[in-house]
Structures are given as structure tokens and as C-alpha cells.
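Okay, structure first, notes after.
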There are 2 protein chains.
Amino acid sequence: MNKWYKESGYLDDIVLSTRIRLARNIKNIPFPSKLKSEDAKKVIEKTQNAVENFNYKLNKIDLASLSGIERQSLLEEHQISSAMLSGSENQAFFLSEDNKVGIMVNEEDHLRIQCIYAGYETDKAFDLINKVDDYLSENLEYAFDENYGYLTSCLTNLGTGIRVSYMVHIPALCMSGLSDKIFSVIGKLGIAVRGIYGEGSKSQGHVFQISNQITLGVDESEIIKKLKDAIDNIILQERELRNKLFKENRIVIEDKIMRSYAVMKYAKIISSKELLDALSFVRLGISENIIEGIDSKLINTLLIETRPAHIMCIEKEELDAHMRDIKRAQIVNSILEGKEE
Amino acid sequence: MNKWYKESGYLDDIVLSTRIRLARNIKNIPFPSKLKSEDAKKVIEKTQNAVENFNYKLNKIDLASLSGIERQSLLEEHQISSAMLSGSENQAFFLSEDNKVGIMVNEEDHLRIQCIYAGYETDKAFDLINKVDDYLSENLEYAFDENYGYLTSCLTNLGTGIRVSYMVHIPALCMSGLSDKIFSVIGKLGIAVRGIYGEGSKSQGHVFQISNQITLGVDESEIIKKLKDAIDNIILQERELRNKLFKENRIVIEDKIMRSYAVMKYAKIISSKELLDALSFVRLGISENIIEGIDSKLINTLLIETRPAHIMCIEKEELDAHMRDIKRAQIVNSILEGKEE
């Protein structure tokens, strides 16, 4: 199956992914929080009809027929949100065959359209999501107000309904302690910084999600420009700090990189947290040509496919944390087996 | 050059080495602590003459002509004691070509004859040291008293003048916490337990030196028998505990072993302490067939040849601890390079 994270992308040693989502609602139907089952099904039906003849194929994934672990896997792949985990028949999920576009139906809004690319691929993601949004708007009547723009369930999404989110990997900024300073500055510009696993999560593996907070009163292109400026600045500073780090302290950072690689290759029990940290250093090692023969796409794949639900999907059973740590080690060991370093 | 530690020995996954030393003094010459330069040279000369025609060749090593680092290397190989480090011309050192027998002249006693074997090789060591002692006693007049036995500089060596010392590697006993209990029991039997690096040192890498404390009033064979009984018991308990450990907690111990192997193969900075611990787990892994393709002789070699003076001997210069840690990692990496696991 196609997976967005198994592809390469521009500057993907720093920007792991570019994600854009649009919040849309259908006119004259209550928002999902107030939605009766009957109306919910109407929204699903309307969406299904709307995409039916689209030349960019979007397949309906029947979440209710999936196991809890399988739904959790979609969450781990950043395709659905935790609000979709119950597998309610009042919700639906559409996914494109190239794995890049998903539509959650009756999550917080009637439609949450998302486009995701590996790497720093704002234009590609924006073009593709616009193509989907344009097609849908021709076949669905969106709730839209001349003054406010797109009407949404939550005020934070009102207006453009857009959220652009980059997943960035910034080990040098983190190790130097500069990341906190940068986050505080961009926070004041209305840009949100969260850990790798979303809202409440702390930073792990030097990975952060950086996204716009404001959707109202500004043009989509302005929102994107401001965010891109911030990301460009972060990339620049991360590169400079990496150079400095390798110039001043090469052996110490090489040691960290090779120890991380060693753990991934040989440890028999690897926790999720330890792997996240190891992946960070190995990714850095690949980026700086210290580790050769491993593609960074493999690191992206491991980042997602060693998460709990993915492991349990492979094993086809519920596993406790200790058993998952053992299986995780097996997966990682076997993927690095025979790879050069 | 031959090195005792590069050979295999009986049960050498638990008993790393068997060392026997005899304290001997020459009649009518003051003990070394009271020795004038003139008399010291006489002792050296007498010893040199005594071994000259011996068919088991003992070569005089001119310690004064060696660098401090080279003398320190001999200490790290357990060939000389720290009392010989100054390279005084009043002292001398003789070493057999097979690297198994050394004679320190004018250390605490006129002669300290030592025989060392890799593994649990009491009989071989005892036979060889007796051969040397017998030959010397024919060509030197030992200070001997009918009542007390061999007269020695320190009372703890009076009588037989023998000290038998085993270096044991007991990871399972240590991890289970049983080692302290055993050491307390054998301590009451007049058996001394010290860390890997001698008197004052703490245990590192699950390795201990176990030796007799009493030399007086008991026959050599009794001393050896009591010690061997203790070692036999330790071996038995260690084996049982290893079986238990692998039966009850295989994956946890495999994880420790493979992580240790991984550090040795890939880390770029390795401290002496970290390597000692890693060598312990890797030795255990070899013994339990978890790591294949590596000979335990290699582990013995690394145990000695990664110590500070050995590293500085290779580099031919004084190095600070950080530089030694880097060089140590290079040595260990390159030795494991291309080895199977």
C-alpha cells in the first residue's frame, strides 16, 4: 500500500512532513457536536456522492469495521484524529489512493480535509488540497459567510479554516538550548509549537509540530507565508548549529549517533521513547553522511511503524508495553540487519 | 610477543586467570626495605647468575631503560607490582619467554616469583612455579627457618611464602546480589577478595581477585586445596545462577549483552569503566552462545590492552582521559569490525 511517509521530500532531514487541513461544513446542517444520527448519515452520504466521480480517487474506509488497533494505526500515521477512534457509524473517513489526502467526516466539523507530504512541500500540499477543496465545493454547499469566511464548529478555525503544520527535526537547536528561545519568539507571532504526538505531548526525539494558530482575518497565502518564514529561519539556524556542532565537537556527536545506531541494530528491548531519541541521532547521522547505506525514508517509516498500534497490527494481538518493546526491537533490528553503516 | 592472556584456559569464562607467587629471600642479606644499593645489586647479580643456565629461559628486562608508560603496561599485565614502577636500578625484573613466569627482584622481598596462566590452571601454574623455585633454590641460598619456613619481609608472607590468586568473572552472582554473601563466608576462611585492580580497588565488570591470606603454619597443598574448594563452589553457583537467569529472564539479559556488544562495536568514546562492564556482558554472551564468532581470548586481550598505559604505548605519547577514551573506542571498534555476532 502507498504510504505518504515512505516517500522522500525536500529538506526531509529537517522537515519531516508538511500537513495542511481545511475545516469545512455543509450549509443548513447542524455542526457535528449537535448532530443527530440521521443528519450525520446525510453528511456522509453527501460527501460520498460528492467525491464519487472525482478523477482523484478517494475511497471510503469503513472505520466501524476496523479493529481498535487498526483505527489507532491510522491515528499514528496522522490520518485521523483521536476523535475518530471510536469507529462510530456517524463518522466516516475517505482516503486517497496515494495516501496523501484524507477526509474525516463528522469529526469536529462536517469535513476535515487533510493533505500530507513527506518533507518541506508546502506548494505541493497546497495545490493538492485546493484541488480537492475546489471539487468538493462544486458538489457540496459549504457553510460560508461573506464577512467571516468558512463557518466552523470551533472559533479557532473560523475564516480560512486552514491549518498548516510542519513536523520539524531540530536536534542541534534542542541540544544547544536555542529551541526554547525560538519557540517563544514564534509563539508571539501566533504560531503554535507542540511535541511530536500532538497538543499535550512533550517534545521527544527532537521533533516538533509547528502550525498556525490564527485562521481568521488573514488570507491563506499570508498564513502560509508567515509560517514558511518561521520554518525557513528554523532550517537556517539548525543548519548553522549543526555545522558548529560538528566543527567543535565532532567526536562527541559521532559517539551519540553511532551509539543510537548500535542500539537500533542490537538491543533486544527498545522503548518507544528510546527509539525516538535514537531515530533522531541516526537521522542526523544520515544527514551528515556519518551513517551511509540507510535511507532517511526508512527512518520516517520506523518513526511511524514502531508505534504501539502498528506493532500490534503486525502481531495481530493486544500486547503490553514490555512485549511491544521486545517486538519493536525485533522490527528495528531486522530492518537494520545487513545494512551498511 | 607471547602474552599469557592471549591463551585459552580451563573454564576461562569464569576463571580468567590463575596466579601463584612465591616470596623468597636470600640468606644473610638485609630485606629490601633496609637494603643498600650495593647489596641490592648483589641480589640482582646473584639472581642473574642463578637463572643463567636454566633450560627454562628467564630474560632480564631492564626496567630503568623502559619509559614510565611501558612499566605501567607491565603492571596492567599483572607482571610487576606498583612497587616496581619507579624503574629503580636497585630493582630488576626477569620474564620467561612464554610470558608465564616473572621474577621481581628487590620488590618487598628479594625475590617475588610469579607464575600466571589464563583460565583455571592451578596444577600447571603450581608445577611451573615449583620448577623455577627448585632450580633457584639450588643456585641461591634462601633464607629459611626450620620452624617458620621461608623468611619474608612482611609477616603475612612468612612460612610458605605462597599466594595463590584467581581472577573470577561472576556476573550472575553479582547481579543476583549473592556475591556479597559468598565473599563474607569465604572471608572468614582466611580468603581475601579484591576488585579487578588489586587491594584498594572496588569491583568493576563483575571481576574479582580471590586469594589466600594466610601463608604460615599450613602446607602449600592445604592452602591451595582450601582456595580451590572456594573457587569450585563459586563456579558451581555462578553456573546455576546463569542457568536460572537465562531461564527466567532471557530477553532482559540478551538485551544487556547485545547492547554491550553494540557499544563495543560502534561507540566512539568509551571509558575504562564502561568497557569493563561491556566486556563482562559480552564474555557472558560468548559463554552462553549468544554472541558467536568472537573468541573469549579476544575479551581477555581487550581487558588488558585497553588499559591506559597500553593505549599510550600504542600511541607513543601521554594522553588525557578523554583522548584515551577515544583511542580505546578505536581499538575496540576495529577489533570487532568484521566479526560476526
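A, B, ... follow the sequence lines: proteins, then strands. Residue 1 opens every chain.
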> Does atom OH of A:Tyr10 have more than 12 heavy-atom neighbours, drawn from other residues, nucleotides or ligands, at distances under 6.0 Å?
Replying inline: no
> With a 4.5 angstrom heavy-atom cut-off, which part of A:Ile326 approaches chain B: side chain, backbone, both or neither?
Replying inline: side chain
> So, for B:Tyr266 and A:Met258, which heavy atoms are closest and what is the spacing to 0.1 Å?
Replying inline: O-CB, 3.1 Å
> Any sub-3.5 Å donor-acceptor pair from A:Asp255's side-chain atoms to B:Ala267's backbone N or O?
Replying inline: no
> Sub-3.5 Å donor-acceptor pair from the side chain of A:Arg259 to the main-chain atoms of B:Ile269, do we have one?
Replying inline: yes
> Between A:His322 and B:Ile251, is any pair of side-chain heavy atoms under 4.5 Å apart?
Replying inline: yes
